[in-house]
Asker: 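Take this structure first; my questions come after.
Model, not experiment: these values are computed from the prediction.
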Amino acid sequence: MEQPSAFLTQLRSQRPVPWEQLPDFALYMDQILSYMDRQVIRFDDEDTLTAAMVNNYTKNGLVPRAAGKKYNREHLAYLTAICVLKHVMSTRDMDLLIREELQGRRSVEAGYAAFCASLDKALTLTAQEMEERGEQEDLADAAIHFALISYAAGAASSRYVALLRERQEAEASARKTKKEKERD
């Protein structure tokens with residue numbers, strides 16, 4: 001039997017750690033960056049999370065501010081989601097989804113668990129399909145196939161983001177109307 005490639009092995013096995021295994025003590029920036037290298041699949045050396053990126057995500061409100069210069073497991077949950085999602089969506093859409101998943105109606109812990117479960121399913125399905133195709137298949141056909149899956153999934157994601165935006169705008173409008181009626 002053909003040995004699986006290192007990438008396929010990584011795709012099958014590398015997952016973010018569960019909430020309970022995230023460090024429950026304060027970490028400094030260099031520790032965060034080192035930890036995140038192991039937390040997500042990196043595409044290449046240019047895909048490394050940097051301190052400037054963390055600072056920009058914080059400045060833009062994607063990540064909560066650190067307590068002093070110390071970060072906690074909630075920061076790791078946010079950064080894990082960002083490091084995955086930044087490859088497939090705009091910062092604006094990512095912000096909406098992170099706010100909904102990690103700051104919305106459930107706890108950061110529950111949102112992170114749901115995110116990790118969805119990521120696990122997506123990576124597992126992709127690894128299975130890659131195994132079925134084998135590495136000897138026409139590389140261009142395989143690359144186009146997975147690009148088209150990405151396109152279709154991106155279209156579906158965009159639709160759900162649009163629906164979420166519409167729902168949030170309707171809720172905000174209803175709250176505004178209610179406040180106006182209360183003032184009258």
Side-chain angles (χ1 to χ4, degrees), residues 15-29 31-33 35-36 39-41 47 49-126 147-184:
R15 301 292 187 269
V17 300
W19 177 264
E20 302 78 31
Q21 292 178 17
L22 289 171
D24 64 349
F25 49 86
L27 301 170
Y28 289 102
M29 179 66 77
Q31 294 169 308
I32 288 287
L33 299 176
Y35 192 88
M36 289 306 299
Q39 186 72 339
V40 297
I41 296 173
D47 194 33
L49 183 68
T50 65
M53 293 165 80
V54 173
N55 291 333
N56 284 335
Y57 296 144
T58 302
K59 181 180 173 186
N60 291 325
L62 288 169
V63 176
R65 296 222 174 268
K69 293 187 177 196
K70 295 182 179 180
Y71 298 83
N72 60 34
R73 64 174 35 161
E74 287 191 6
H75 293 100
L76 289 169
Y78 280 88
L79 290 169
T80 299
I82 289 167
C83 286
V84 171
L85 295 176
K86 72 180 182 175
H87 293 283
V88 295
M89 64 180 35
S90 70
T91 301
R92 180 176 178 249
D93 289 351
M94 201 169 34
D95 179 53
L96 175 71
L97 293 177
I98 288 172
R99 288 181 192 281
E100 186 70 18
E101 279 290 298
L102 300 179
Q103 298 173 351
R105 296 173 176 93
R106 57 181 162 193
S107 68
V108 175
E109 179 179 355
Y112 177 75
F115 174 84
C116 288
S118 290
L119 178 60
D120 176 58
K121 185 175 182 179
L123 293 172
T124 298
L125 289 171
T126 302
L148 294 174
I149 288 173
S150 178
Y151 170 78
S157 176
S158 292
R159 176 65 181 144
Y160 284 114
V161 166
L163 291 171
L164 180 58
R165 268 205 181 83
E166 288 173 14
R167 183 176 76 193
Q168 287 183 342
E169 288 169 4
E171 289 171 355
S173 179
R175 283 191 302 274
K176 182 179 177 185
T177 302
K178 182 179 177 183
K179 285 183 182 180
E180 288 171 354
K181 286 182 180 180
E182 289 172 356
R183 278 187 265 172
D184 292 338

Asker: Atom NZ in Lys69, atom CG in Leu27: separation rounded to 0.5 Å?
Answerer: 15.5 Å
Asker: Please round to the nearest 0.5 Å and tell me the distance separating atom OG1 of Thr50 and atom CG of Leu33.
Answerer: 7.0 Å
Asker: Any side-chain heavy atom of Tyr57 sitting closer than 4.5 Å to one from Ile98?
Answerer: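 When only atoms from C-beta onward are counted, Ile98 and Tyr57 do not touch, as no gap falls below 4.5 Å.
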Asker: What I'd like to find out is whether the side chain of Gln39 reaches to under 4.5 Å of the side chain of Leu76, using heavy atoms alone.
Answerer: no
Asker: How far apart are the closest heavy atoms of Leu62 and Tyr78, and which atoms are they?
Answerer: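 In terms of heavy atoms, the two residues are closest at O-CD2, 3.2 Å.
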Asker: Can you tell me how far apart OH (Tyr112) and CG (Leu119) are? Round to the nearest 0.5 Å.
Answerer: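 Nearest 0.5 Å value for the OH-CG distance: 9.0 Å.
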Asker: Determine all donor-acceptor pairs shorter than 3.5 Å in which one atom belongs to a side chain in residues 15-25; sequence neighbours excluded.
Answerer:
residue : atom : partner : partner atom : Å
Arg15   : NE   : Asp120  : OD1          : 2.6
Arg15   : NH1  : Leu11   : O            : 2.7
Arg15   : NH2  : Leu11   : O            : 3.3
Arg15   : NH2  : Arg12   : O            : 3.4
Arg15   : NH2  : Asp120  : OD1          : 3.4
Arg15   : NH2  : Thr124  : OG1          : 3.0

Asker: Is a side-chain N or O of Asn55 found less than 3.5 angstrom from the main chain of Ala51, in a donor-acceptor match?
Answerer: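 Looks like yes, one N/O pair under 3.5 Å.
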Asker: Looking at every non-hydrogen atom in both residues, tell me the closest pair between Gln31 and Ala26 and how far apart they are.
Answerer: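 Taking Gln31 first and Ala26 second, the nearest heavy atoms are OE1-O, 4.4 Å.
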Asker: So how far is it from Lys86 NZ to Leu79 CG, rounded to the nearest 0.5 Å?
Answerer: 10.0 Å
Asker: Is a side-chain N or O of Thr126 found less than 3.5 angstrom from the main chain of Ala122, in a donor-acceptor match?
Answerer: yes
Asker: Quick check for you: to the nearest 0.5 Å, what is the distance between Leu123 atom CG and Ile41 atom CD1?
Answerer: 5.0 Å
Asker: Looking at CG of Leu97 and CZ of Phe115, how far apart are the two atoms once the value is rounded to the nearest 0.5 Å?
Answerer: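 Rounded to the nearest 0.5 Å, the CG-CZ separation comes out at 10.0 Å.
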Asker: With sequence neighbours excluded, tell me which residues meet ring-ring contact (aromatic ring centres under 6.0 Å, His included) with Tyr71.
Answerer: His75
Asker: Counting distance only, does the side-chain N/O of Asn72 pair as donor-acceptor with the main-chain N or O of Glu74 below 3.5 Å?
Answerer: yes
Asker: Looking at every non-hydrogen atom in both residues, tell me the closest pair between Val54 and Met29 and how far apart they are.
Answerer: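 Nearest pair, atom of Val54 first, then Met29: CG1-CE, 3.6 Å.
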Asker: Give me each pair satisfying side chain to side chain donor-acceptor pair (under 3.5 Å) with a member in residues 151-167, each pair once, sequence neighbours excluded.
Answerer: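 Residue pairs passing side chain to side chain donor-acceptor pair (under 3.5 Å), neighbours aside: Asp93-Arg165, Glu100-Arg167.
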Asker: Taking the side chain as every heavy atom from C-beta outward, state whether Leu96 and Arg92 have any atom pair closer than 4.5 Å.
Answerer: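 In short, these two side chains do not touch, never coming nearer than 4.5 Å.
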Asker: State, to 0.1 Å, how close Cys83 and Met36 come at their nearest heavy-atom pair, and which atoms those are.
Answerer: SG-CE, 4.0 Å
